[in-house]
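Following: one structure in structure tokens, then a few remarks.
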Amino acid sequence: MQQQTGFQTNPIAALGRSTIDFINSLGEIFLFFLEGASLIVSSPKQLTKIIRQVYFIGSKSLFVISLIGIFTGMVLGLQGYYTLVKFGSEGLLGAAVSLTLIRELGPVLTAIMVTGRAGSSMAAEIGVMRISDQIDALDVMDINPMAYLVSPRIAASIICFPLLTALFDVIGILGGYLTGVTMLGINSGVYFYRIDTSVVMSDITEGFLKAFVFGIIVATISCYQGYNTHKRTDSVGPESVSNSTTAAVVLSCVLILVSDYVITSFLL
């Protein structure tokens with residue numbers, strides 16, 4: 001009994017146990033993703049489910065992505081101008097705004113906004129189905145819950161995230177144009193010329209690669225948290241759905257930022 005108590009109060013042992021539990025969780029999430037991805041083309045009916053999820057994740061996010069994109073571009077244009085003018089380089093504003101959006105802020109902010117809007121909804125919807133035994137009912141009816149609930153959401157996220165990122169980038173560049181050219185008087189030809197000469201295909205590819213990875217992360221984490229709501233030890237019932245939804249959003253945002261750093265460090 002004393003040994004067990006000592007093990008529990010030993011900070012090194014507690015850290016080791018937490019690390020092992022974290023690694024086990026990552027392994028479970030990765031296997032969850034592999035199972036869901038392998039079932040994307042399991043049935044011709046999957047296409048209908050994927051289209052429905054594309055509408056939910058993509059089309060219904062257009063307004064918030066456009067709104068955030070225009071104001072992000074305007075802020076970048078404003079801050080970038082007053083920074084560059086100190087060095088007499090305000091003509092580089094177009095390059096600064098476009099590269100910042102395409103390589104970093106576009107994919108990251110898009111992923112975070114879609115996480116808050118669609119990722120939380122995915123976790124909550126699947127979590128409610130879990131605690132109300134609807135997922136068990138699918139098993140009874142010989143319907144694979146992973147193919148029915150998870151695979152379409154993963155496929156739709158892979159499709160939608162790069163497209164939403166592209167939309168965010170374009171609208172953000174237009175927002176920078178509104179600030180830099182319309183409000184601050186930079187020549188419009190110089191603004192777009194700097195974009196044309198500064199942005200290369202590798203920058204666009206990097207942004208789309210990040211959006212692709214972020215789509216996988218958000219869909220997998222959100223579905224995993226909702227699907228395993230019944231396994232939570234901190235709560236039961238509706239409270240467990242709430243905690244799963246919160247965990248899905250927080251963990252997705254953290255992994256988005258971590259993976260953004262990892263991808264950037266490899267591509268530079």
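Here the structure is a predicted model, which means the values were calculated and not measured.
Not one N or O on the side chain of Thr110 forms a donor-acceptor pair closer than 3.5 Å with the backbone of Pro107. At least one donor-acceptor pair closer than 3.5 Å links the side chain of Gln46 to the backbone N or O of Ala147. Although no hydrogens or angles enter the test, the distance criterion places a donor-acceptor pair under 3.5 Å between the side chain of Thr229 and the main chain of Gly226. In this structure, Asn24 contributes its side chain and Ile20 its backbone to a donor-acceptor pair below 3.5 Å.
Taking all atoms of both residues into account, the shortest heavy-atom contact from Ala248 to Ile221 is O-CG2, 3.8 Å. Taking every heavy atom of both residues into account, Ile50 and Pro152 meet most closely at CG1-CA, 3.8 Å. The nearest pair of heavy atoms linking Ser240 to Arg232 is O-CD, 3.5 Å.
Residue Met129 is tested with Ile135, Val241, Asp136 for a side-chain contact (heavy atoms from CB on, under 4.5 Å); the sole match is Ile135. For the side-chain contact (heavy atoms from CB on, under 4.5 Å) test with Ser120, the passing option among Val114, Thr245, Thr246, Thr115 is Thr245; the others fail.
Between Ile186 and Tyr81 the shortest side-chain heavy-atom distance falls below 4.5 Å. Using a 4.5 Å heavy-atom threshold, the side chains of Tyr193 and Asn187 count as separate.
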Legend entry - Derivation and outcome, salt bridge (Lys or Arg N to Asp or Glu O under 4.0 Å), residues Lys231 and Glu28: CA-CA 13 Å; Lys231 295 182 180 180; Glu28 290 179 5; 5.9 Å; no

Contacts table for residues 66-80: side-chain donor-acceptor under 3.5 angstrom, sequence neighbours left out:
unit_1, atom_1, unit_2, atom_2, d
Ser66, OG, Leu62, O, 2.7
Thr72, OG1, Ile68, O, 2.7

Considering only distance and modelled atom types, tabulate donor-acceptor pairs under 3.5 Å from the side chains of residues 198-205, sequence neighbours left out.
unit_1, atom_1, unit_2, atom_2, d
Ser198, OG, Arg194, O, 2.7
Asp203, OD1, Arg103, NH1, 3.4
Asp203, OD2, Val200, N, 3.1
Thr205, OG1, Met201, O, 2.9

Using atom types as modelled, flag every donor-acceptor pair under 3.5 Å from a side chain in residues 160-174 to any protein atom, sequence neighbours excluded.
unit_1, atom_1, unit_2, atom_2, d
Thr165, OG1, Phe161, O, 2.8

Please set out all donor-acceptor pairs under 3.5 angstrom arising from side-chain atoms of residues 90-100, sequence neighbours excluded.
unit_1, atom_1, unit_2, atom_2, d
Ser98, OG, Gly94, O, 2.8
Ser98, OG, Ala95, O, 3.1
Thr100, OG1, Ala96, O, 2.6

Tabulate below the donor-acceptor pairs under 3.5 Å that side-chain atoms of residues 31-45 make, not counting sequence neighbours, or state none.
unit_1, atom_1, unit_2, atom_2, d
Ser38, OG, Leu34, O, 3.2
Ser38, OG, Glu35, O, 2.8
Ser42, OG, Leu39, O, 2.8
Ser43, OG, Lys45, N, 3.2

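Hydrophobic clustering (side-chain heavy atoms under 4.5 Å, transitive across Ile, Leu, Val, Met, Phe, Trp, Tyr) groups Ile29 together with Phe212. Under the 4.5 Å side-chain heavy-atom criterion for ILVMFWY residues, a single connected hydrophobic cluster contains both Ile217 and Ile263.
Chaining together hydrophobic side chains whose heavy atoms lie under 4.5 Å apart places Leu26 alongside Phe22.
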